J.: 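Just passing along the structure, written as structure tokens.
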Amino acid sequence: MRRVVFNQKGGVGKSTIACNLAAISAEQGLKTLVIDLDPQGNSTTYLLGAAAQEEHPTLADFFTQVLSYSFHKKPTEHFIRETPFPSLHVMAASPELGELEPKLESRYKMFKLRDTLEALDGYEAMFVDTPPALNFFTRSALIAAEACLIPFDCDDFSRRALYSLLASVGEIRDDHNPNLQVEGIIVNQFQARAKLPRALVDELLAEGLPVLDTYLSSSVKIRESHQEARPMIHLDARHKLTREFRSLYEALNKPRAVKGAALRASA
């Protein structure tokens, strides 16, 4: 399954969600790949820590190769790095991605990521982290993915932005990727005792938007997780937030028939 984590608003937890779901996937024994398309490289740093600064091929090198006419191109595996966590790998970001974007867009290379990931053998789960913008890299990710997860950080600006975001995903689906589905909206940084987050989530539910049942709590523990470059399952397996990530992962990976029945029952 190829999943993209996407929101045009920054600071909603895209990298945190992508990396923690990927870490659980790998812990379950699935060979898992994170593709970090954000030039800021938050997922890369989260999974590699200080080693993210070491000289290794990045996605910028991969896309530079895409633009070249060489007959001796390196295989995709050359651009994949191991993380300290078993079965978990990453295609690392680089600030140079921003410089490459206009060249890639002008050459209409939006389908190259999809073709590359489809041809990549051995990976049972892939999570694509995206920039906080609807740009070349985000479109490439949506074209390459089978499912889209949308983080929502219980903010009124985020709620207002959801409608245009869903429209953008629908446009990509209609024009380029008929298999793309919005798998769900992930409520993040949820404060159960605060009135505003509950009211905003209730509004989304009342409008029939696909809000997933598991809400991710607001916790300072996630900052420690970022600082130590250890996803929650490796930092504190018993923490409440870790259990929530597990619950979210399990819900996303229910058999499709079960999930489909649940969706029909809620319609």
Side-chain angles (χ1 to χ4, degrees), residues 3-28 32 34 36-53 83-86 88 90 92-93 127-133 149-162 165 184-205 211-252:
R3 291 183 168 99
V4 57
V5 184
F6 167 55
N7 195 313
Q8 292 167 252
K9 184 176 182 291
V12 296
K14 293 187 298 296
S15 302
T16 298
I17 290 169
C19 290
N20 277 280
L21 291 177
I24 293 170
S25 172
E27 191 261 350
Q28 294 287 320
T32 303
V34 173
D36 188 0
L37 289 173
D38 189 347
Q40 296 181 72
N42 290 334
S43 284
T44 299
T45 303
Y46 195 5
L47 295 178
L48 296 176
Q53 305 303 318
T83 74
F85 314 108
L88 183 56
V90 62
F127 293 86
V128 188
D129 188 15
T130 56
L149 296 171
I150 301 172
F152 174 73
D153 64 348
C154 301
D155 176 85
D156 189 57
F157 291 140
S158 292
R159 182 185 65 81
R160 295 173 189 272
L162 269 177
L165 189 156
I185 296 168
I186 300 175
V187 176
N188 191 29
Q189 302 176 40
F190 185 68
Q191 297 174 311
R193 296 182 180 180
K195 292 183 179 179
L196 180 60
R198 171 56 65 185
L200 291 172
V201 172
D202 286 346
E203 286 182 20
L204 300 184
L205 291 169
V211 179
L212 296 171
D213 290 339
T214 300
Y215 303 166
L216 301 175
S217 300
S218 177
S219 173
V220 296
K221 195 71 173 180
I222 200 65
R223 299 179 185 176
E224 182 182 342
S225 174
H226 294 159
Q227 185 174 11
E228 296 196 16
R230 294 168 65 195
M232 287 296 299
I233 195 171
H234 297 291
L235 179 69
D236 187 344
R238 297 183 179 182
H239 193 273
K240 176 184 178 183
L241 186 54
T242 307
R243 296 197 303 270
E244 290 167 353
F245 274 119
R246 277 193 179 278
S247 176
L248 176 60
Y249 176 85
E250 290 167 2
L252 291 173

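Only a predicted model underlies this, so the values are computations on that prediction, with no experimental measurement involved. For this chain, numbers begin at 1 and follow the sequence in order.
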J.: Please check this pair: side chain of E244 against backbone of S217, looking for a donor-acceptor N/O pair closer than 3.5 Å.
T.: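 Looks like yes, one N/O pair under 3.5 Å.
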J.: Which heavy atom in L47 sits nearest to a heavy atom in C19, and how many Å separate them?
T.: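 Nearest pair, atom of L47 first, then C19: CG-SG, 3.8 Å.
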J.: Looking at every heavy atom in both A18 and V5, which two are closest together, and how far apart are they?
T.: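 Closest pair (atom of A18, atom of V5, distance): CB-CG2, 3.9 Å.
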J.: Kindly compute the distance separating CZ (F152) from CG (L212), expressed to the nearest 0.5 Å.
T.: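 These two atoms lie 13.0 Å from each other.
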J.: With sequence neighbours left out, write down each residue that passes salt bridge (charged side-chain N to carboxylate O under 4.0 Å, His left out) with R243, or none if nothing qualifies.
T.: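 Partners of R243 under the salt bridge (charged side-chain N to carboxylate O under 4.0 Å, His left out) test: none.
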J.: Listing request: all ring-ring contact (aromatic ring centres under 6.0 Å, His included) pairs with a residue in residues 227-249, at least two apart in sequence or in separate chains.
T.: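 For residues 227-249: F85-H234.
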J.: Could you report the tightest heavy-atom contact between S25 and F127, atom names first, then the distance?
T.: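 The pair with the smallest heavy-atom distance is CB-CE1, 4.2 Å.
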J.: Which side-chain N or O atoms in residues 8-17 pair as donor and acceptor under 3.5 Å with protein atoms at least two apart or in another chain?
T.:
| residue | atom | partner | partner atom | Å |
| --- | --- | --- | --- | --- |
| K9 | NZ | D153 | OD2 | 3.1 |
| S15 | OG | D129 | OD2 | 2.5 |
| T16 | OG1 | H226 | NE2 | 2.8 |

J.: Of all the heavy-atom pairs spanning L88 and T83, show the shortest one and how long it is.
T.: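 Heavy atoms of L88 and T83 come nearest at O-OG1, 2.8 Å.
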J.: Donor-acceptor pair, distance only, cut-off 3.5 Å: does the side chain of S43 make one with the backbone of D36?
T.: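 No, S43 side chain to D36 backbone: no donor-acceptor pair under 3.5 Å.
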J.: Looking at CG of L216 and OG1 of T242, how far apart are the two atoms once the value is rounded to the nearest 0.5 Å?
T.: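 Taking CG in L216 and OG1 in T242, the distance rounds to 10.5 Å.
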J.: Can you tell me how far apart OG (S225) and CG (L235) are? Round to the nearest 0.5 Å.
T.: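 Those atoms lie 5.5 Å apart.
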J.: Using a 6.0 Å cut-off, check whether atom CD of Q227 has over 12 heavy atoms from anything other than its own residue.
T.: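 For Q227, atom CD is not crowded (no more than 12 foreign heavy atoms under 6.0 Å).
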J.: Check whether S218 reaches the backbone of Q191 with its side chain - one donor and one acceptor, N or O, closer than 3.5 Å.
T.: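 Pair absent, no side-chain N/O of S218 close to backbone of Q191.
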J.: Quick one: closest heavy-atom pair of V187 and F190, and the distance?
T.: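 Here V187 and F190 meet closest at CG1-CD1, 3.8 Å.
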J.: Does a side-chain heavy-atom distance below 4.5 Å link I24 with P231?
T.: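 No, every pair of side-chain atoms sits at 4.5 Å or beyond.
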J.: May I ask you to test the K240-M232 pair for a side-chain heavy-atom distance under 4.5 Å?
T.: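 K240 does not reach M232 side chain to side chain.
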J.: From L252 CG over to I186 CD1, what is the distance, rounded to the nearest 0.5 angstrom?
T.: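 Separation between the atoms: 6.0 Å.
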J.: I'd like to check L241 versus K221 (side-chain heavy atoms, cut-off strictly below 4.5 Å). Are they in contact?
T.: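 Heavy-atom side-chain distance check fails, nothing below 4.5 Å.
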J.: Rounded to the nearest 0.5 Å, how far does CD1 of I150 lie from CG of L165?
T.: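 It comes to 4.5 Å.
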J.: Applying side chain to side chain contact (heavy atoms under 4.5 Å, CB included) to E250 and Q28, what does each step give before you reach the verdict?
T.: CA-CA 11 Å; E250 290 167 2; Q28 294 287 320; 5.7 Å; no
J.: Measure the shortest side-chain to side-chain distance between Q40 and P132 over non-hydrogen atoms and say whether it is less than 4.5 angstrom.
T.: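 Yes, side chains in contact.
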J.: Measure across C154 and V201 and return the closest heavy-atom pair with its distance rounded to 0.1 Å.
T.: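 Looks like SG-CG2, 4.3 Å.
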J.: Quick check for you: to the nearest 0.5 Å, what is the distance between Q53 atom CD and T45 atom OG1?
T.: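 Separation between the atoms: 6.0 Å.
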J.: Counting N and O atoms only, with roles assigned by atom type, does the side chain of T44 sit under 3.5 Å from a partner on the main chain of A52, one being a donor and the other an acceptor?
T.: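 The answer is no, because no donor-acceptor pair under 3.5 Å joins these two groups.
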